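All remarks here apply to the structure that follows.
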Amino acid sequence: MDLSKLNPPQREAVIHGGGPLLVLAGAGSGKTRVITYRIAYLLRGGIPPHGIAALTFTNKAAEEMRERVGKLVGDRKTAAKLTVGTFHSLGLQIIRREYKALGIPSGFTIYDAADQLGTVRELLRTVHVTDRRFDVKAILTRISLAKNRFVRPGEYRPAEVDEYDEITAEIYPRYQEALRAYAALDFDDLITETVRLFEENAEVRERWQRRFRHVLVDEYQDTNRAQLMLVKHLCGDHGNLCVVGDDDQSIYSWRGADPANILSFERVFPGAKVVKLEQNYRSTPTILNAANAVIANNENRHGKTLWSNRPDGDLLAHVVATDSEHEAKFVTREIGQLTRGGRWSYRDTAILYRSNVQSRILEEELRTACIPYVMYGGQQFFERKEVKDLIAYLRLALNSRDEIALRRIINYPARGIGATTLERISARAQAETTTMWNVLERIDEAMSKQIRPGTRQAIGAFVALMQKVRQGLEAGQSGAAVARVLVEDIELYADLHSAAGSHSAAQRRIDNIESLFSSLERQHERSPGLSALAQYLRQLSLVNDGDDTPDPGDKIVLTTLHGAKGLEFPVVFMVGMEEELLPHARTLAPQVTDVFDPDHASDVSEERRLAYVGMTRAQDKLYLTRSALRRIRGRTTERTPSRFLLEVPKHFTVQRDATAEAHELVPTDELSALFKSIAAQLSDD
DNA sequence: GTTGCGTTTATTTTT
DNA sequence: TAAACGCAAC
């Protein structure tokens, strides 16, 4: 480790002795470098790796951090002993060891968004809300926000005239009861239940406080109240807490992140040292000053001014198009010219937008121009549905109380057990205060009158199938082996083929299942046994996209502004710089489903931060594009330039007219690209 | 239990 | 515009 590679404030943060430390790290100022160096420095100072916890929000950030620390200390074994992970994985780790004190069964399940949605839908049905259809997600958002502020189920009080608060007040207690009955924890519970455990059980709390002698938190501006509490408890009285973040990049308050955490750090942790990292190593001064000018319009900041000692660089391009097609064509054409110049390749370029719908027209134009691209984010959820279905079988085998898993698979593939049957079984289970699985097991004696013999036979077959799965696991077979037999038994591949539109779509799904098998095999070799499998399945639900991140290759990146946080590109296009897109219309005129929160009423400052995050992704070239007309929801509307665009001082930009440039002569190699794309389209059919 | 049609409603997303 | 959802008909 070479401390001379750090600038003075970076070094100051790294060698800070003990006690609370707030590192205000501007965009591109080397915050990950500070955290990794600090961990290495603590290790060198004699703190055992076992006693250090570094917390992040995403698995990706955690992996990157562990890797960089490993390189820095040059000792893989030491790096492996560190606790580097997401808040949720730390919560899971603690709960897994302390489940007894929490009164949860050891085979507990983790509920993801889909499971939560299913639970609330089910509850809405039992509460008989038929007069009005509710947005289930809006209810879950409220439950989640309440949980993270430690509002107990019975304490939830509706606002004066908010029907969503009223239905939430009704659903929230039932939801929490349901989860306990299913032996399930949702993502929020991983944090809040850990906090509750620490608050109610001094012995447990002190044990963990003794263990972690230093705690480090990345992206501190994204923490919510529950995460703050968790951190506070972990640090206990030593207060060796180092947080790194940027209040100007807080863009997740809509999902509960509380910027007050970073703004009032010094009040919450008295005697805190504050270090500002203001030297930016990423962008040209022109880009940086433009971004600074925009963010300066926000109030309530810690206030930093980023500077860069690079050469000034190009002016920003303020591009005006007559319609969104011209805008997309401009971007495409410009990318063609930049890459043809030889200085930049596709992978150096990103197109950023506020909302996913904006990607469509860009994709169309990029495709016709034969420019390769990758889209970050988006909805990959249903692509892995088949994997989740299969996992639900294992989940149910390990936790028969998991009603959502049961409901998910009892008629998948279709075996003639429909909604009415399920309703009756559910009602019986409720009446007997037992689980649905318990009723299923004795269906013939319990419900011979209410359920037809044919259906009961189907249920019997399902129960037998599940018992076979469970017995296989109990006999010590691997999850993979059991799942393979199961897939044969239920003829899943045949079902996938008939359900999928094309052969290749079915094959993709089958490939997904096959990779689940090999993943399960590997885990069985690592640690066989029922509880290890249960733990593996829980861990799996905390990992979003499996284990393989494919090499992006030389492609343009398309992503939302949110998705761009933490990334950097030599060339950045921010498209749709218009009012009602950025800032988004929803911010300017909130809807009934939006949470009314007087503490941080949805204001444009978060949208401005979003603009700031986008601009500060750019290293060398930044294009801000907008259109005079745009088709929105089938209606062509006149557009107003984004206020943030107008906040960029004129002397940092050069205006360009996309439509006029589109009529200029098309260079010959661009024509050849056009021919290529036509040929490609013809051969596609 | 599935399919199809009309109605409705349009952010951001990780764990 | 377009996709997601609910309800009614098969």
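Remember, predicted model here, so these are calculated numbers, not experimental data. Lettering of chains follows the sequences in order, A, B, ..., and the numbering in each one begins at 1. Quick note: numbers below take in every heavy atom, side chains included, and nothing from hydrogens, waters or symmetry partners.
In this structure, A:Trp254 counts as stacked on the base of B:dT12 under the 5.5 Å centre distance and 30° plane angle limits.
Among the candidates A:Glu579, A:Glu578, A:Glu638, A:Glu325, the single residue satisfying the salt bridge (charged side-chain N to carboxylate O under 4.0 Å, His left out) test with A:Arg630 is A:Glu578.
Within the 4.0 angstrom heavy-atom criterion, no nucleotide atom of any strand lies near A:Ala585. Residue A:Arg635 is classed as having no contact, given no heavy-atom separation below 4.0 Å to the nucleic acid. Counting non-hydrogen atoms under 4.0 angstrom, A:Arg630 reaches nothing in the nucleic acid. Across all strands, A:Gln539 comes closer than 4.0 Å to no nucleic acid atom at all (heavy-atom distances). At the heavy-atom level, A:Leu581 lies nowhere under 4.0 Å from the strands shown.
If you check distances only, the side chain of A:Arg354 does reach the base of B:dT12 with a donor-acceptor pair under 3.5 Å.
Dashed line: the shortest gap from a side-chain N or O of A:Thr560 to OP1 or OP2 of B:dT13 is under 4.0 Å. Taking 4.0 angstrom as the limit, A:Asn356 places a side-chain polar atom (N or O) nearer than this to OP1 or OP2 of B:dT13.
In this structure, CG of A:Asp222 is placed 13 Å from C1' of B:dT15, rounded to the nearest angstrom. Nucleotide B:dT11 holds its P atom 11 Å from the CD1 atom of A:Ile632, rounded to whole Å. Atom CZ in A:Arg360 sits about 19 Å away from atom P in B:dA10, given to the nearest Å. Separating the CZ atom of A:Phe57 from the P atom of B:dT14 is a distance of 13 Å, rounded to the nearest angstrom. At whole-Å resolution of the value, NZ in A:Lys137 and P in C:dC5 are 8 Å apart. When rounded to the nearest whole Å, the span between CG of A:Leu540 and C1' of B:dT15 equals 13 Å. Between the CD atom of A:Glu580 and the P atom of B:dT12 there is a distance of 16 Å, rounded to whole Å. Atom-to-atom, CG of A:Leu190 to P of B:dT14 comes out at 17 Å; the value is rounded to the nearest Å.
Remark: side-chain polar atoms of A:Ser627 are paired, donor with acceptor, to backbone N or O of A:Ser324 under 3.5 angstrom.
Checked against a 6.0 Å centroid threshold, the rings of A:Tyr252 and A:His562 count as neighbours. Ring centroid separation for the pair A:Phe108 and A:Tyr99 does not come in under the 6.0 Å cut-off.
Rounded to a whole angstrom, the distance from the P atom of C:dC5 to that of B:dT12 is 15 Å.
Using modelled atom types, one finds a donor on one side chain and an acceptor on the other under 3.5 Å when comparing A:Asn298 with A:Arg608.
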